[in-house]
Participant: 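One structure coming up, written as structure tokens, with questions to follow.
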Amino acid sequence: MSSQDQDISFYEYDPSKAVAGVCLALFLITFIWSTFMTFRKRAWVWMVQLLAILMEVVGYADRIASAAKPSDLNLYALQFCVIILAPVLMAGVIYVVFGRIVFHVVPAEHRTTKLLWIPPRWITPIFVSFDIIALLVQLIGAVSVSGTRATDKDAANKLKIGKDVALVGLAIQMGAFGLFTIIAARFHFTSQQFEASLKWRLEEAGSGKAVLVKGTSKKINPNWRHLLYALNVSCILILIRSVFRVVEFAEDSNGAVSKYEVYMYVFDTLPIFLVVASFCIFFPASYVPYMGFRVPKRQDDTAQLGSLEGSATELRER
């Protein structure tokens with residue numbers, strides 16, 4: 001490798017070490033808090049979110065080093081890939097949280113395709129599957145883009161192919177996540193019809209911050225709708241970030257997005273940090289039970305809950 005090759009920067013601008021340092025500190029704080037809450041609440045499914053936040057931490061730590069050595073391929077490729085891919089994992093865990101909200105708020109007999117457009121039991125598997133496909137496709141594209149040097153033979157064609165692959169991955173993510181965002185926003189309104197039934201089924205437990213579903217061992221925060229607000233806002237923020245990345249990959253290296261670092265921080269870093277921060281404030285396991293990898297299926301709880309819902313229906317009819 002010639003010294004001339006080593007001196008070519010992978011950035012179209014002069015990357016800021018100071019701004020990357022601030023981002024590193026902010027994501028590190030949220031990672032520490034999220035880790036504490038995950039173990040305190042035994043919310044094991046949230047470890048996927050921890051991995052996503054850790055990727056952001058590694059990404060911005062590496063970006064500081066990359067800013068000092070902008071011509072280092074390995075440093076550039078690492079920060080580029082992990083920052084690109086972390087939000088895909090966040091989208092995946094949002095699917096799971098929504099599924100848990102539906103499971104605990106909506107009575108079993110009302111969990112229908114008509115309510116959510118998709119069979120409720122398949123919401124998480126379907127959207128997570130699309131998320132995994134989007135992750136793998138974006139990974140291939142990101143590695144191709146970040147690993148292409150300006151001095152490589154046929155570099156322009158390699159870069160174009162990498163960007164096109166990444167765009168396909170982003171299109172898959174945006175299509176699936178866009179549909180999910182509509183479903184989640186619609187559920188925000190349709191779920192109101194179940195609030196009266198849910199309140200009837202609750203009784204205070206302990207401090208009153210969490211309540212028991214009568215006749216079962218399930219606990220749920222009566223302010224669960226706050227979590228739904230955080231989820232809906234997070235969906236919009238991730239879509240904003242995805243649109244930005246589509247624009248970035250679609251334009252050439254002379255485009256405004258590629259030439260000015262501020263766009264990345266405003267339309268990628270900020271939205272993703274707000275997603276992470278919102279779930280630090282409205283931690284899912286503080287609002288809905290069973291944030292482990294599986295939802296326990298207890299026949300006694302189901303039977304008693306069904307009996308209680310039947311009693312509630314009879315009372316309303318009277």
Side-chain angles (χ1 to χ4, degrees), residues 29-30 32-50 53 90-91 93-111 115-116 120 123-124 180-238 271 273-292 295-296 298 301-302 304-305 308-309 312 315-316:
I29 292 171
T30 59
I32 293 172
W33 175 253
S34 297
T35 301
F36 168 73
M37 291 297 292
T38 297
F39 282 89
R40 181 187 176 191
K41 299 288 186 177
R42 298 185 179 182
W44 309 127
V45 74
W46 205 244
M47 293 182 76
V48 177
Q49 177 76 345
L50 292 183
I53 303 174
M90 295 181 189
V93 80
I94 284 176
Y95 297 143
V96 176
V97 171
F98 180 74
R100 300 298 166 87
I101 293 175
V102 171
F103 178 82
H104 295 297
V105 171
V106 181
E109 68 271 19
H110 292 291
R111 295 177 207 147
L115 176 67
L116 298 170
I123 282 183
T124 301
F180 172 79
T181 301
I182 295 172
I183 292 174
R186 181 173 177 270
F187 180 75
H188 179 82
F189 298 100
T190 58
S191 62
Q192 294 177 5
Q193 63 184 293
F194 305 115
E195 286 194 1
S197 173
L198 181 63
K199 289 179 180 178
W200 189 91
R201 291 184 282 127
L202 301 181
E203 61 184 11
E204 289 190 7
S207 63
K209 292 182 179 179
V211 293
L212 287 169
V213 176
K214 293 178 181 178
T216 77
S217 60
K218 293 196 303 183
K219 291 183 180 180
I220 186 170
N221 191 314
N223 297 317
W224 60 270
R225 191 168 284 279
H226 293 172
L227 177 59
L228 189 58
Y229 283 131
L231 187 145
N232 282 312
V233 171
S234 295
C235 287
I236 295 172
L237 290 170
I238 290 179
F273 175 73
L274 291 177
V275 169
V276 173
S278 66
F279 285 120
C280 284
I281 298 171
F282 303 104
F283 193 74
S286 297
Y287 291 88
V288 293
Y290 303 147
M291 282 300 292
V295 177
R298 296 182 53 181
D301 280 7
T302 304
Q304 292 180 54
L305 184 55
L308 284 163
E309 288 172 352
L315 285 172
R316 286 194 296 269

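What you are looking at is a predicted structure, and each value in this text was computed from that prediction instead of being measured.
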Participant: Side chain to side chain contact (heavy atoms under 4.5 Å, CB included), that's the test. Do Asn232 and Ile236 meet it? Break it down for me.
Facilitator: CA-CA 7 Å; Asn232 282 312; Ile236 295 172; 5.8 Å; no
Participant: Enter the distance from Ile29:CD1 to Ile53:CD1 here, rounded to the nearest 0.5 Å.
Facilitator: 12.0 Å
Participant: Kindly indicate, with the supporting measurements, whether the criterion side chain to side chain contact (heavy atoms under 4.5 Å, CB included) is fulfilled by Val48 and Met90.
Facilitator: CA-CA 8 Å; Val48 177; Met90 295 181 189; over 6 Å; no
Participant: As an exercise, state the distance from CD1 of Ile94 to OG of Ser234, rounded to the nearest 0.5 Å.
Facilitator: 5.0 Å
Participant: Please lay out, stage by stage, how Thr30 and Phe273 fare under the test side chain to side chain contact (heavy atoms under 4.5 Å, CB included).
Facilitator: CA-CA 9 Å; Thr30 59; Phe273 175 73; 3.7 Å; yes
Participant: Mind checking whether Tyr287 and Phe282 have parallel, tilted or perpendicular rings, split at 30° and 60°?
Facilitator: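 Aromatic pair Tyr287/Phe282 classed tilted.
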Participant: Let me confirm one number: the CD1-SG distance from Ile182 to Cys235, rounded to the nearest 0.5 Å.
Facilitator: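 Answer for the CD1-SG pair, Ile182 versus Cys235, is 11.0 Å.
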Participant: Under the ring pair (Phe, Tyr, Trp, His ring centres under 6.0 Å) rule, what do Phe279 and Trp33 come out as? Steps first, then yes or no, please.
Facilitator: CA-CA 10 Å; Phe279 285 120; Trp33 175 253; over 10 Å; no
Participant: Can you tell me how far the CZ atom of Phe98 sits from the OG1 atom of Thr181, to the nearest 0.5 Å?
Facilitator: 10.0 Å
Participant: Could you measure the distance from the CZ atom of Phe187 to the CZ atom of Phe180? Nearest 0.5 Å is fine.
Facilitator: 10.5 Å
Participant: Going by heavy atoms in the side chains, are Thr38 and Phe283 under 4.5 Å from each other?
Facilitator: yes
Participant: Between atom CD of Gln49 and atom OG1 of Thr35, what is the distance when rounded to the nearest 0.5 Å?
Facilitator: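 Rounded to the nearest 0.5 Å, the CD-OG1 separation comes out at 10.5 Å.
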Participant: Could you tell me whether a side-chain N or O of Trp224 sits under 3.5 Å from a main-chain N or O of Ile101, the two making a donor and an acceptor?
Facilitator: no
Participant: Evaluate the side-chain proximity of Ile183 to Arg186: yes if any heavy-atom separation is below 4.5 Å, no if none is.
Facilitator: no
Participant: Is there side-chain contact between Pro284 and Lys41, with heavy atoms separated by less than 4.5 Å?
Facilitator: no
